[in-house]
Amino acid sequence: MRAKLGAKTAQTGIAAPAGRRNLLLKKLLSQKYLQVMALLGVAWMIIFNYIPMYGIIIAFKQYVITRPISEAPWVGLEHFKAFFEDEDLPRVIWNTIGISLIKLVVGFPLPILFALFLNELRSIRLKKTVQTISYLPHFLSWVILGGILATWLSDVGVINHILMALHIIDEPISYLAEPKYFWGIVVASDLWKELGWSAIIYLAAIAGVSPDLHEAATIDGAGRFQRMWHVTLPGIRSTITILLILAVSGILNSNFDQILVLRNSLNESASNVIDIYVYQTGLVNNRFSYSTAVGLIKSLIALILLLIANSASKKINGTSLF
């Protein structure tokens, strides 16, 4: 009797995994087009994100572009030491952190506020019009927007004409030639380009807030601003937290395209950030190993900031990336 039960149990144990495999195979076949799309994305990531990571080793070598990486001699941490001993380092770090912190403090909450107020518009047509106008600059490259800004901010540009007509200034100012204006121009132009686009994800999160909560708050006598503060904002808190974690981890990113277009020799003292520094040393001066070492340091700092922000968020409000 026991032998028969043991044989039956063994057969059931063997049949169960086989049944699960068949079920999984049928599910994969029913989703074959989605699986192919996913595999293409995975293949793209492996080819362009993981395979090139082999090149990181040149940060520890004296690499010359005319010779293979394998033949380059090892130099250890020499390039890392050279970076920390560079006399331009304090200015580069100051510019990078300064611009990024201003963008974080000013540029992070504004899309949230914009999405909240845009969501409160009663007219659907007006709402769509405002949203379309606001995110239209996102689809223009910084090359185009940089040319527009250079024209507007020149001595004979529209900005000077308006300010002089309002008697705010007496003489025209070449704003891109003055380092003291550069940070403000970068932050303002970044908001102009990305405000509407950044608000889209918050609008999507707001759409997921239950209308029942708003109805209950209205019955309790809450006004529009009270519902925004006590219902809508708590409803999108997790989205805000995730995006804030990502923003903190990218604090050393200063939008290379934007600054490359807007910088010049006259505002170099305020526009020389890490991304520009890596570009200048790597591609312009052909110091590939040195620039790779600087980029690796930047990536490690970003990883540390990500882990710190994620851990702090998890402890404070229980929301985190992982």
Quick one: side chains of residues 277-284, donor-acceptor pairs under 3.5 Å with protein atoms, not counting sequence neighbours, listed by atom name and distance.
from   : atom 1 : to     : atom 2 : distance (Å)
Tyr277 : OH     : Asp86  : OD2    : 2.3
Tyr277 : OH     : Tyr290 : OH     : 2.6
Thr281 : OG1    : Tyr277 : O      : 2.9
Thr281 : OG1    : Val278 : O      : 3.2

Checking [X] side chain against [Y] main chain: does a donor-acceptor pair fall under 3.5 Å?
{"X": "Asn285", "Y": "Arg287", "value": "no"}
{"X": "Asn267", "Y": "Leu176", "value": "yes"}
{"X": "Lys193", "Y": "His138", "value": "yes"}
{"X": "Ser311", "Y": "Leu307", "value": "no"}
{"X": "Ser313", "Y": "Asn310", "value": "no"}
{"X": "Asp220", "Y": "Ala222", "value": "no"}

Does a side-chain heavy-atom distance below 4.5 Å link [X] with [Y]?
{"X": "Met164", "Y": "Asp170", "value": "no"}
{"X": "Ile301", "Y": "Ile251", "value": "no"}
{"X": "Asp190", "Y": "Asn255", "value": "yes"}

So which residues get pulled into [X]'s cluster when ILVMFWY side chains under 4.5 Å apart are joined, directly or through others?
{"X": "Leu25", "answer": "Leu29"}
{"X": "Ile308", "answer": "Ile304"}
{"X": "Leu28", "answer": "Leu24"}
{"X": "Ile316", "answer": "none"}

For residues 207-215, which side-chain N or O atoms pair as donor and acceptor with protein atoms under 3.5 Å away, sequence neighbours left out?
from   : atom 1 : to     : atom 2 : distance (Å)
Ser210 : OG     : Asp212 : N      : 3.3

Side-chain donor-acceptor contacts of residues 54-63 below 3.5 Å, not counting sequence neighbours, with atom names and distances?
from  : atom 1 : to    : atom 2 : distance (Å)
Lys61 : NZ     : Ile69 : O      : 2.9

For the aromatic rings, using the six-membered ring if either is Trp, is the centroid distance between Trp142 and Trp192 under 6.0 Å?
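No: the rings miss the under 6.0 Å criterion.
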Fit a plane to each ring of Phe139 and Tyr135, take the angle between them on a 0 to 90° scale, and name the class: parallel (under 30°), tilted (30 to 60°) or perpendicular (over 60°).
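Plane angle over 60°, so perpendicular.
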Give the minimum heavy-atom separation between [X] and [Y], together with the two atoms involved.
{"X": "Leu233", "Y": "Ile240", "value": "CD2-CD1, 4.0 Å"}
{"X": "Leu145", "Y": "Pro137", "value": "CD1-O, 3.9 Å"}
{"X": "Pro172", "Y": "Asp155", "value": "CB-O, 3.3 Å"}
{"X": "Ser320", "Y": "Ile245", "value": "CA-CD1, 4.2 Å"}
{"X": "Ala270", "Y": "Phe182", "value": "O-CD2, 3.6 Å"}
{"X": "Ile206", "Y": "Ala115", "value": "CD1-O, 3.9 Å"}

Decide if atom [atom1] of [X] counts as having more than 12 heavy atoms of other residues, nucleotides or ligands within a radius under 6.0 Å.
{"X": "Met37", "atom1": "CE", "value": "no"}
{"X": "Trp44", "atom1": "CH2", "value": "no"}
{"X": "Lys298", "atom1": "NZ", "value": "yes"}

Show me the pairs that pass side-chain hydrogen bond (donor to acceptor under 3.5 Å, both in side chains) and involve residues 171-184, at least two apart or across chains.
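Qualifying pairs, neighbours excluded: none.
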By the side-chain hydrogen bond (donor to acceptor under 3.5 Å, both in side chains) test, which pairs, at least two apart or in different chains, include something from residues 89-114?
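Sorted pair list: Lys103-Gln258.
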Steps toward side chain to side chain contact (heavy atoms under 4.5 Å, CB included) verdict (His79, Val294):
CA-CA 8 Å; His79 300 301; Val294 177; over 6 Å; no
To the nearest 0.5 angstrom, please state how far the [atom1] atom of [X] sits from the [atom2] atom of [Y].
{"X": "Ile274", "Y": "Asn253", "atom1": "CD1", "atom2": "CG", "value": "9.0 Å"}
{"X": "Phe114", "Y": "Ile200", "atom1": "CZ", "atom2": "CD1", "value": "9.5 Å"}
{"X": "Asn317", "Y": "Thr241", "atom1": "CG", "atom2": "OG1", "value": "4.5 Å"}
{"X": "Ile112", "Y": "Leu244", "atom1": "CD1", "atom2": "CG", "value": "8.0 Å"}
{"X": "Ile144", "Y": "Ile148", "atom1": "CD1", "atom2": "CD1", "value": "7.0 Å"}
{"X": "Lys128", "Y": "Leu118", "atom1": "NZ", "atom2": "CG", "value": "12.0 Å"}

Identify all side-chain donor-acceptor contacts of residues 156-163 below 3.5 Å with residues at least two apart in sequence or on another chain.
from   : atom 1 : to     : atom 2 : distance (Å)
Asn160 : OD1    : Ile173 : N      : 2.8
Asn160 : ND2    : Ser154 : O      : 2.6
Asn160 : ND2    : Ile173 : O      : 2.8
His161 : NE2    : Val156 : O      : 3.3

Given Ile297 and Phe84, is the side chain to side chain contact (heavy atoms under 4.5 Å, CB included) satisfied, shown in steps?
CA-CA 10 Å; Ile297 293 172; Phe84 289 111; 3.9 Å; yes
For Thr239, which residues count as a side-chain hydrogen bond (donor to acceptor under 3.5 Å, both in side chains) partner, sequence neighbours excluded?
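So Thr239 forms no side-chain hydrogen bond (donor to acceptor under 3.5 Å, both in side chains) with any residue.
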Could you tell me which residues satisfy side-chain hydrogen bond (donor to acceptor under 3.5 Å, both in side chains) with Gln31, sequence neighbours excluded, listed by chain and number?
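In terms of side-chain hydrogen bond (donor to acceptor under 3.5 Å, both in side chains), with neighbours along the sequence ignored, Gln31 is linked to Gln35.
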Show the numbers, then the answer: is there a side chain to side chain contact (heavy atoms under 4.5 Å, CB included) between Ile259 and Ser254?
CA-CA 8 Å; Ile259 294 181; Ser254 304; 3.7 Å; yes
